[in-house]
Every structure is written in structure tokens, then in C-alpha cells.
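Got a structure for you, written out below as C-alpha cells; questions coming shortly.
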Amino acid sequence: MKNHSYNLHAPICGIFCLHSVDVARYAALIQVKSPTNCNAHLAESIFQTRSRMKQERNRLKIMNINIKEKIENLKGKLIVSCQALPEEPLHSSFIMGRMALAAKVGGASGIRANTKEDIKEIQTQVELPIIGIVKRDYEDSEIYITPTMKEVDELMEVKPEIIAMDATSSARPEGKTLDEFFHEVKKKYPNQLFMADCSTVEEAVHADTLGFDFIGTTMVGYTKQSEGDKIEENDFEILRTIVSKVKHKVIAEGNINTPEKAKRVLELGAYSVVVGSIITRPQLITKSFVEVIGK
Ligand SMILES: CC(=O)N[C@H](C=O)[C@@H](O)[C@H](O)[C@H](O)COP(=O)(O)O
């Protein structure tokens with residue numbers, strides 16, 4: 001009885017889907033050994049399972065409401081990208097955490113960050129929604145922002161509110177297409193929000209069709225297919241065209257390097273704006289001063 005009771009209890013408490021055949025089998029075994037206790041024990045186990053299922057459903061519901069609220073709070077707001085790669089002077093999760101805190105003190109409504117380590121530290125400093133990425137190079141690939149499931153899995157350990165990934169038409173690891181990759185990712189993590197880092201209008205429209213929750217202009221000017229393109233050209237024409245063609249929220253990102261540009265992209269219909277280097281990469285800010293002084 002002890003053994004059967006243990007076996008019965010463990011799966012019932014550990015999983016949320018009670019298999020009726022298994023229950024009946026265990027019930028029969030228990031009944032043979034202890035007919036008096038069987039029904040009471042089974043009823044108690046089912047009751048416990050149901051209440052755990054209810055608790056889990058409520059937890060997910062609250063989580064979804066929280067995320068929904070957090071995303072609504074990003075509307076018309078500034079997201080600050082706090083990133084420093086290993087070759088950059090500020091490479092340190094501690095420093096990125098403090099950068100995020102500084103951004104929050106300055107009024108930022110969200111953070112974009114690279115690696116699960118940085119995100120974990122940032123989560124201890126601010127409660128703002130985070131767009132998480134993992135930048136990693138692969139030999140057979142031109143893309144480096146959350147390129148494979150390995151990086152998505154890493155990010156899911158710290159669960160940023162949004163995961164961004166390269167959604168350009170550039171070559172991906174193992175010759176995988178964006179469509180194949182995105183379907184796999186959505187299947188594995190159906191409740192996670194995803195942002196597409198795009199470099200052209202066509203890529204943005206494609207990502208929108210695939211079902212990305214956010215369409216970003218992150219890669220404009222950084223791919224072969226967008227070489228020479230500048231986000232601010234012709235009053236942000238690329239952004240305006242994307243906004244007019246897609247149904248998901250558009251996030252303006254990449255080379256938005258003045259407060260006026262940030263304001264303008266929001267006026268033009270971007271849901272939020274991500275600003276990075278001009279706030280969080282002091283070596284680049286210093287260089288821009290030195291260059292002008294030296295002219
Ligand atoms: C192209 C690429 O790899 N962009 C990266 C994406 O995460 C970051 O290095 C940028 O800092 C970020 O997009 C914000 O842009 P900006 O620093 O220009 O404000």
C-alpha cells in the first residue's frame with residue numbers, strides 16, 4: 001500500500017493532466033490492498049490535483065495580465081538598450097544592471113539587453129519589461145542576434161518579456177530558413193512574445209505574416225540587402241512604409257541617436273523606440289566629441 005500510494009501520489013501531484021486509465025489501474029491496486037481507504041485517498045488526490053491545476057491556471061492568468069500591462073506601458077515610450085560585448089570596455093553584468101537602473105531613473109520604460117547573465121542582473125535592479133537577445137556568431141551564418149534554439153533556450157531560463165531575433169533574409173546557421181526556425185520556436189514557447197529584428201521593408205512584412213509580435217528596424221543599414229540605407233532618410237521613410245504595411249506593433253531601433261529623432265519615430269507610428277549607443281556606450285559618445293574637436 002505504501003508503495004502504491006507513493007507511486008500514485010507522485011505523478012498526480014507532479015503533472016497537471018491526470019490519465020484516467022492510470023488512475024483506474026492504481027485505484028484497483030489500492031482497492032485490493034485496502035478497500036476502506038481507497039476511495040477517500042483517491043478523492044483526496046483528485047481534489048489536490050484539481051486545486052493545483054486551478055492555482056497554475058490562475059498563476060498563468062496573472063502573469064499574462066502583468067505582461068499585457070507591461071507591454072501597454074511601453075506605448076509611446078523609450079526603451080534603453082544596455083549592451084556591452086566582451087570586447088567593449090563596459091562588458092560586465094554588474095555594470096549593465098546599473099546602466100539599466102540609470103535608464104530607469106532617467107525615465108525609461110523598458111530595457112533591451114544581451115545574454116541571460118546580464119538580464120538576470122538587470123532583473124535585480126529594475127522591474128521594467130526587457131527585450132532579451134543573445135548575440136552569438138556562427139561560422140556558417142551572417143546573423144548573430146538569437147540565431148538558434150540554443151540562444152532562445154538560454155533566454156527562457158530568465159524569461160525576458162520579449163525575445164528578439166534576427167528576422168532578416170541573411171544566411172542562418174545550418175541553412176535553416178527563418179520560417180522553419182520561427183515555427184519551431186513558437187511551437188516550443190507558444191506563450192512567449194517575439195520581436196523581429198529586420199533590415200528592409202520586405203523582411204518586416206514577412207516577419208509580420210509569420211506572426212512576430214513586434215517588428216523592429218534594428219538591422220537597417222547592417223545587412224548586405226540594406227547597405228547604405230539610413231533609418232532617418234526622407235523623414236524615416238523605411239519606418240513609415242513598414243508602419244503602413246504591417247499589423248503588429250513596430251519598434252523603431254538602430255541609430256535613433258537624438259531625443260528629436262526618438263520623438264519623431266513615435267509621432268510616425270512606432271509603438272516604442274529603442275535607443276542604445278548614444279546612452280549606454282560612453283566610448284562611442286566620447287569619440288564623437290573627440291572627432292568634432294579634432295576637425
Ligand atoms: C545592429 C546591431 O547589432 N544592433 C544591436 C542590437 O541589439 C545593438 O548593438 C544596438 O546597440 C541596438 O540595436 C540599439 O541601436 P543603437 O545603439 O544604434 O541605438
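Computed from heavy atoms alone, side chains included, the values below leave out hydrogens, waters and symmetry copies. First listed ligand is number 1; within each ligand, the first listed atom is number 1.
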message = Which residue and atom name correspond to the protein heavy atom nearest atom 10 (C) of ligand 1, and how close is it?
response =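 Nearest neighbour among protein heavy atoms for atom 10 (C) of ligand 1, to 0.1 Å: R281 NH1, 4.0 Å.
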
ask   = Could an N or O of ligand 1 be found under 3.5 Å from any N or O of Q83, whether backbone or side chain?
value =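 By distance alone, the answer is yes.
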
request  = Please work out whether the ring planes of F194 and F212 are parallel, tilted or perpendicular, with thresholds of 30° and 60°.
outcome  =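 Ring orientation of F194 relative to F212: perpendicular.
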
request  = Answer with side chain, backbone, both or neither: which part of I133 has a heavy atom less than 4.0 angstrom from an atom of ligand 1?
outcome  =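 Answer for I133: side chain.
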
inquiry  = What protein heavy atom lies closest to atom 17 (O) of ligand 1? Include the residue and the distance to one decimal.
reply    =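 Its nearest protein heavy-atom neighbour is S277 OG, 2.6 Å.
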
message = I need the nearest protein heavy-atom contact for atom 18 (O) of ligand 1: residue, atom name and distance, please.
response =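 Sorting protein heavy atoms by distance from atom 18 (O) of ligand 1 puts N255 N, 2.8 Å first.
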
query = Looking only at side chains, do S288 and E291 share a donor and an acceptor under 3.5 Å apart?
reply =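 Distance-only check fails for S288 and E291.
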
task = Name the closest protein heavy atom to atom 4 (N) of ligand 1, giving the residue it belongs to and the distance to 0.1 Å.
result =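 Going by distance alone, atom 4 (N) of ligand 1 is nearest to T218 CG2, 4.1 Å.
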
request  = Check whether any N or O atom of R112, backbone or side chain, sits under 3.5 Å from an N or O atom of ligand 1, and answer yes or no.
outcome  =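 Such a contact does occur with ligand 1.
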
inquiry  = Could you identify the single nearest non-hydrogen protein atom to atom 3 (O) of ligand 1 and state the distance to 0.1 Å?
reply    =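 Answer for atom 3 (O) of ligand 1: Y144 OH, 2.7 Å.
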
request  = Could you name each residue pair satisfying side chain to side chain donor-acceptor pair (under 3.5 Å) that touches residues 80-91, not counting sequence neighbours?
outcome  =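 Side chain to side chain donor-acceptor pair (under 3.5 Å) check on residues 80-91 returns S81-Q83, Q83-K135, E88-R281, E88-Q283.
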
request  = Indicate whether the side chain of E203 and that of Q225 have a donor and an acceptor atom separated by less than 3.5 Å.
outcome  =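 Side chains of E203 and Q225: pair found under 3.5 Å.
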
query = Nearest protein heavy-atom contact for atom 19 (O) of ligand 1: which residue, which atom, what distance?
reply =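 So the nearest neighbour among protein heavy atoms is G276 N, 2.8 Å.
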
request  = Search all heavy atoms of I278 against all heavy atoms of N257 and return the closest pair with its distance.
outcome  =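 Here I278 and N257 meet closest at CG1-O, 3.6 Å.
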
task = Check each of M219, K135, E88 against atom 8 (C) of ligand 1 and report the one with the nearest heavy atom.
result =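 Residue with the shortest heavy-atom distance to the ligand atom: K135.
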
key: Contact summary for A164 and I145, nearest pair of heavy atoms   =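 It is O-CG2, 4.0 Å.
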
request  = Return the residue, atom name and 0.1 Å-rounded distance of the protein heavy atom closest to atom 13 (O) of ligand 1.
outcome  =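 That would be E253 OE2, 2.5 Å.
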
ask   = At their closest point, which heavy atom of V158 faces which heavy atom of Q123, and how far apart are they?
value =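 Smallest heavy-atom distance, with atoms named: O-NE2, 2.8 Å.
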
query = Is the number of heavy atoms from other residues, nucleotides or ligands within 6.0 Å of NZ (K68) greater than 12?
reply =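 It does not: K68 NZ has 12 such atoms or fewer within range.
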
Atoms in ligand 1 with a heavy atom of G254 nearer than 4.0 Å =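 Close to G254: 15 (O), 18 (O).
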
